[in-house]
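What follows is one structure encoded as C-alpha cells, with my remarks underneath.
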Amino acid sequence: MLQQTQVATVIPYFERFIKRFPDVSALAAAEEADVLRLWEGLGYYRRARQLHKAAQVIMEQHSGDFPQSREAVHALPGVGRYTAGAILSIAFGTREPILEANTKRVLSRLLLYRGDPEKASGQQLLWRFAEDLLPRKNVGTFNQALMELGSEICSPRTPACQVCPVATLCPTHKYGLQDQIPARKRKPGVENVDEAVIVVRRGPCVLLRQRSEKERWAGLWDFPRFPLANCEAPPTCEQMAELICAATGLETTPTRLLTTLKHGVTRFRITLYCYEANYQNGVDRIIQPTAWLRVDEMKNFPLSVTGRKISQLVNT
DNA sequence: AAACCGTGGGA
DNA sequence: TTCCCAAGGTT
C-alpha cells in the first residue's frame, strides 16, 4: 500500500484491510473483487492484485509461511528490491538496505549527487551507499529512521536543516544546494482527453462492465465509456445514443447529461461527460464480462473513483 | 530506457 | 488553480 503512496493516505485503508484479511491465509482465500473493493480509491490497483497473488503464492509454494530468503521474498509478485529490503530488515532484522523516495533524497544530498537518481548510474550509486551505511544491528530501525529523516526533515522543498542531526555531514546544506539536489524529475507532457460515460438504465438496473487486463483500472468495474474526438461542447444526447449503439449494439433512449467530471489520471487530464439513457432493446455485445446491476448492488463491486461518483448520482 | 499505472495532499 | 510528489514495480 505504501508504494508511491503517503503514509497518512494509507492508514485508514490499512486498518480496514487488515481487519478483513488478518493473515495471509485469509487474503489468499479472498475473491479478487473483494480485495479490490477494499483498495478502491488508493490507486495503482495492480498492487492489490499482486498482493493477493503473493498471498496465494505463499500458501501454495511456501506452505503458508512467509519466506525469509532474499530471493524468495523478491520473487513475490509486486515485491521489488525496495519492498524486499523493507520486509527483510524491518520484519526479520536481516541486514538489507532500502532505497525509496525519502532515502533517495537524503542520500543524494549527503553525496552531493547532481545526477538523476532515477537513472541506472544514480540507482547504482545510491544502493551502494545505502548498503555501506547499514549498521550491524537494528537495521530495521535504522532503515525506518532514514526514511523518517527524509520525510520529516530532509523534505523536498525547504528541508529543516537547522534541526537535522546530520547537517554537519551534508555538503548540500553546506553549499545551499537543497533546491537543486536531488535533480527534479522531468514531468511528462499533460494530455487533455474528452470521454463520455453512459449510464444505461433497465428497470432497477444499470449496465456495468469489468475493465480488462490490459486497460487502465484493470479488474475494476465501470460504466461504458467512450473516447471523444476533442470537442468544445459535449455531444448531444442523440449523438450519445448513436455511440453506445455502435459500441454495444444496445438501443437506448437518451435522457439527459447527468454531470461533467474532471479527473486526472497519470499524465491524462480527462473531461468526462456523463449521460443517462434508458434501455430499449438489443443484447449487449461489449467485451465480457458485463452485468446489469441493481443500483444497490454497486456498493459490492470495485469501481474507479469516477465510477463511484457516478454511481452515487444514480443512487439518488 | 522509458512508459505506464491512480489518487490525494500540500505548497 | 496548478504543480509537485508520494515507504515502486513491471513491461
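Letters A, B, ... are given to chains in the order of the sequence lines, protein chains preceding strands, and every chain is numbered from 1. Note that the structure is predicted; figures quoted are calculated from it, not measured.
- When each of B:dG6, B:dG9, C:dG8 is scored by its nearest atom to the side-chain atoms of A:R216, the top-ranked nucleotide is B:dG6.
- As rounded to whole Å, 10 Å separates atom C1' of B:dT7 from atom NZ of A:K309.
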Salt bridge (charged side-chain N to carboxylate O under 4.0 Å, His left out) between A:E118 and A:K104, intermediate numbers included:
CA-CA 9 Å; A:E118 303 302 332; A:K104 216 176 281 176; 3.4 Å; yes

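- Taking the six-membered ring where the residue is Trp, A:W39 and A:F17 present perpendicular rings, their angle passing 60° and hence far from 30°.
- Among the protein residues, A:T83 comes within range of the sugar-phosphate backbone only, with heavy atoms under 4.0 Å from sugar or phosphate atoms but none that close to a base.
- Candidate nucleotides B:dG9, B:dG6, C:dG9 were compared by shortest atom distance to the side chain of A:T5, and B:dG6 ranks first.
- Put simply, the side chain of A:S304 and the base of B:dG6 share no donor and acceptor less than 3.5 Å apart.
- The pair A:D179-A:R157 fails the salt-bridge criterion, with no side-chain N (NZ, NE, NH1 or NH2) lying under 4.0 Å from an Asp/Glu carboxylate O.
- A:A101 comes within 4.0 angstrom of sugar-phosphate atoms only, judged by non-hydrogen atoms across all strands, and of no base.
- With both ends at atom P, the span from B:dG6 to C:dC3 equals 22 Å, rounded to whole Å.
- In this structure, A:A8 reaches neither bases nor backbone, as no heavy-atom distance under 4.0 Å exists between it and the strands shown.
- Looking at heavy-atom distances under 4.0 Å, A:L42 makes contact with a base.
- Phosphate contact (OP1/OP2 of C:dA6, side-chain N/O of A:Y44, threshold under 4.0 Å): absent.
- A salt bridge links A:R49 with A:E213; the closest basic N to acidic carboxylate O contact falls under 4.0 Å.
- Remark: P of C:dT10 and CD of A:Q123 are 14 Å apart, rounded to the nearest angstrom.
- Checking A:L2 against A:P77, the closest nucleotide of DNA chain C that is more toward the 5' end is the one next to A:L2.
- For the OP1/OP2 pair of C:dG9 and a distance below 4.0 Å, the side-chain nitrogens and oxygens of A:R47 include no atom meeting the criterion.
- In this entry the distance linking CZ of A:R308 with P of B:dG6 reads 16 Å, nearest Å.
- Ranked by how close their nearest DNA chain B nucleotide is to the 5' end, A:E118 and A:V265 are led by A:E118.
- We find that NE2 of A:H263 is positioned 10 Å from P of B:dG6, with the value rounded to whole Å.
- Protein atom CG of A:D116 is 12 Å distant from nucleotide atom C1' of B:dA2, rounded to whole Å.
- Nucleic acid contact for A:G150: none, since no nucleic acid atom lies under 4.0 Å from a heavy atom of the residue.
- Among the nucleotides C:dG9, B:dG6, B:dG9, the one closest to any side-chain atom of A:T266 is B:dG6.
- Under 4.0 angstrom from either OP1 or OP2 of B:dG6 there lies no side-chain N or O belonging to A:W39.
- The distance between atom CG of A:N102 and atom C1' of C:dA6, rounded to the nearest whole Å, is 8 Å.
- As a whole-Å value, the separation of A:E148 CD from C:dA6 P is 14 Å.
- Between A:K119 and the phosphate of B:dA2, there is a side-chain N or O to OP1/OP2 separation shorter than 4.0 Å.
- Nearest nucleotide to the A:T9 side chain, out of B:dG9, B:dG6, C:dT10: B:dG9.
- If you check every strand for non-hydrogen atoms under 4.0 Å, A:E100 touches sugar and phosphate atoms only.
- Across all strands, A:R49 comes closer than 4.0 Å to no nucleic acid atom at all (heavy-atom distances).
- OP1 or OP2 of C:dG8 has at least one side-chain nitrogen or oxygen of A:Q4 nearer than 4.0 Å.
- Counting non-hydrogen atoms under 4.0 angstrom, A:V305 reaches the backbone sugars and phosphates but no base.
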Let's go through A:E100 and A:N102 carefully: what are the C-alpha distance in whole Å and the side-chain angles of both, what is the deciding distance for side-chain hydrogen bond (donor to acceptor under 3.5 Å, both in side chains) to 0.1 Å, and is it a yes or a no?
CA-CA 6 Å; A:E100 45 68 72; A:N102 297 299; 3.0 Å; yes

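- Residues A:F268 and A:R157 each lie close to DNA chain B; by heavy-atom proximity, the contact nearer the 5' end of the strand is made by A:F268.
- Ion pair A:E276/A:R201 flagged as a salt bridge, since at least one NZ, NE, NH1 or NH2 atom sits closer than 4.0 Å to an Asp/Glu carboxylate oxygen.
- At a threshold of 4.0 Å, the pair A:E40-A:R37 counts as salt-bridged, since one of the basic side-chain nitrogens sits closer than that to a carboxylate oxygen.
- Atom CD of A:Q50 is separated from atom C1' of C:dT11 by 11 Å (rounded to the nearest Å).
- Residue-level contact check: A:R46 touches the bases, meaning some heavy atom is under 4.0 Å from a base atom.
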